[in-house]
Student: 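Mind looking over this structure? Questions follow.
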Amino acid sequence: MADAEAVGRDAESVSRFVEHFAAQLVEAGVPRMPARVFTALLASDTGVLTSAELGEQLKVSPAAVSGAVRYLAQVHLVSREREPGSRRERYRVHSDQWYESLTNRSAVIKRWEDTIRDGVTSLGPGSPAGRRLSETLAFFEFVETEVEEMMARWRAHRETLFGDR
């Protein structure tokens, strides 16, 4: 918890926040260890921690950190980078991680749409299953459009609040 102590925060209070928010992410479907690692990074002033720092803060093994980071990188919530002049990796959470994650989900939804469209054709659009898939497809198409429009509004809103970063 050197990060918290360096700026005069109570390390125990920071730890409680990390565990509390991680528990909420778990309730939303994020695996427990990735939720804890992500929240620890989010609560870090630099947004960057090494595996050793994460392990020490969360009191977990390097293997647990490694598995969590692998998951978080796959869902675009963290990135890996090398420490300058070192072979050690450090993990970074970006200020736009939610935007990036949601944007990347749009690509997944697009693939689902293509597959569901094929399913409607295969099952027959007039069959009960085909109608159910057609409604699912319409929902995903609606969500895709709404997310794109929402992200454009978010970029403008973010610019107003925080300026260009």
Side-chain angles (χ1 to χ4, degrees), residues 1-113 115-116 136 139-140 143-144 146-165:
M1 282 281 153
D3 193 45
E5 294 161 355
V7 292
R9 286 190 291 247
D10 174 46
E12 187 60 35
S13 179
V14 172
S15 182
R16 277 193 307 273
F17 163 75
V18 167
E19 296 304 325
H20 183 74
F21 189 52
Q24 291 178 355
L25 291 173
V26 169
E27 286 177 14
V30 177
R32 183 173 184 270
M33 190 54 59
R36 293 181 72 214
V37 167
F38 175 72
T39 306
L41 285 166
L42 197 60
S44 165
D45 280 336
T46 62
V48 178
L49 294 170
T50 65
S51 180
E53 290 167 331
L54 285 162
E56 181 182 327
Q57 180 178 339
L58 300 173
K59 298 175 179 46
V60 297
S61 71
V65 171
S66 178
V69 168
R70 188 172 32 259
Y71 172 87
L72 293 167
Q74 286 176 332
V75 296
H76 306 282
L77 286 175
V78 302
S79 60
R80 293 178 175 168
E81 54 190 45
R82 292 265 183 220
E83 284 188 358
S86 170
R87 293 173 54 180
R88 286 193 337 176
E89 283 189 332
R90 56 188 186 178
Y91 310 109
R92 176 180 301 276
V93 65
H94 299 277
S95 61
D96 62 352
Q97 77 277 349
W98 299 113
Y99 171 84
E100 287 299 321
S101 180
L102 198 52
T103 300
N104 287 315
R105 289 283 176 228
S106 291
V108 171
I109 289 173
K110 190 72 169 154
R111 286 194 307 270
W112 289 354
E113 287 174 6
T115 302
I116 292 168
T136 301
F139 172 75
F140 284 133
V143 166
E144 180 184 15
E146 291 296 309
V147 167
E148 288 172 10
E149 292 172 5
M150 180 181 63
M151 293 325 259
R153 289 190 311 274
W154 164 245
R155 286 188 297 274
H157 184 67
R158 181 179 183 218
E159 176 69 25
T160 301
L161 291 175
F162 303 106
D164 189 26
R165 291 191 191 202

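Just so you know, residue 1 is the first one in the sequence shown, and it goes up from there. Owing to the predicted nature of the structure, the values given are computational and were not obtained by experimental measurement.
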Student: Just how far is it from atom CD of E144 to atom CD of E149, taken to the nearest 0.5 Å?
Tutor: 11.0 Å
Student: Can you see which heavy atom on S51 is nearest to which on Y91, and at what distance?
Tutor: N-CE1, 3.7 Å
Student: Report the distance from atom NE2 of H20 to atom CG of L25, rounding to the nearest 0.5 Å.
Tutor: 10.5 Å
Student: Might you work through the side-chain contact (heavy atoms from CB on, under 4.5 Å) test for R111 and V108, ending with a clear yes or no?
Tutor: CA-CA 5 Å; R111 286 194 307 270; V108 171; 3.4 Å; yes
Student: Looking at T39 and A35, would you say the former's side chain and the latter's main chain have a donor-acceptor pair under 3.5 Å?
Tutor: yes
Student: Looking only at heavy atoms, which two atoms of V37 and L72 are closest? And how far apart?
Tutor: CG1-CD1, 3.8 Å
Student: Would you confirm whether R82, through its side chain, and R87, through its main-chain N or O, come within 3.5 Å as a donor-acceptor pair?
Tutor: yes
Student: So L41 and L54, side-chain contact (heavy atoms from CB on, under 4.5 Å) or not? Walk me through it.
Tutor: CA-CA 8 Å; L41 285 166; L54 285 162; 4.3 Å; yes
Student: Taking atom CZ of R155 and atom CE of M150, what is their separation to the nearest 0.5 Å?
Tutor: 10.5 Å
Student: On a heavy-atom basis, which atom in A43 and which in V18 lie closest, and how many Å separate them?
Tutor: CB-CG2, 4.0 Å
Student: Does R36 reach the main-chain N or O of L58 with its side chain, forming a donor-acceptor pair under 3.5 Å?
Tutor: yes
Student: At their closest point, which heavy atom of Q57 faces which heavy atom of A40, and how far apart are they?
Tutor: NE2-CB, 3.7 Å
Student: Do E56 and L49 pass the side-chain contact (heavy atoms from CB on, under 4.5 Å) test, and can you show the C-alpha distance, the side-chain angles, and the key distance before you say yes or no?
Tutor: CA-CA 11 Å; E56 181 182 327; L49 294 170; over 6 Å; no
Student: Do the ring planes of H157 and W154 sit parallel (below 30°), tilted (30 to 60°) or perpendicular (above 60°)?
Tutor: tilted
Student: Calculate, to the nearest 0.5 Å, the distance between atoms OG and NZ belonging to S15 and K59 respectively.
Tutor: 6.5 Å
Student: Would you say R32 has more than 12 foreign heavy atoms packed within less than 6.0 Å of its CZ?
Tutor: no
Student: Taking all heavy atoms of E53 and all of V48, pick out the closest pair and write down the distance.
Tutor: OE1-O, 4.4 Å
Student: Just wondering, do T136 and W112 contact through their side chains at under 4.5 Å, heavy atoms?
Tutor: no
Student: I'd like to know whether T46 forms a side-chain contact (heavy atoms from CB on, under 4.5 Å) with R90, so could you lay out the CA-CA distance, the side-chain angles of the two residues, the decisive distance to 0.1 Å, and finally the verdict.
Tutor: CA-CA 11 Å; T46 62; R90 56 188 186 178; over 6 Å; no
Student: Rounded to the nearest 0.5 Å, what's the gap from OG on S66 to CZ on R80? Could you check?
Tutor: 6.0 Å
Student: Which residues pass the ring pair (Phe, Tyr, Trp, His ring centres under 6.0 Å) test with F38, sequence neighbours left out?
Tutor: W98
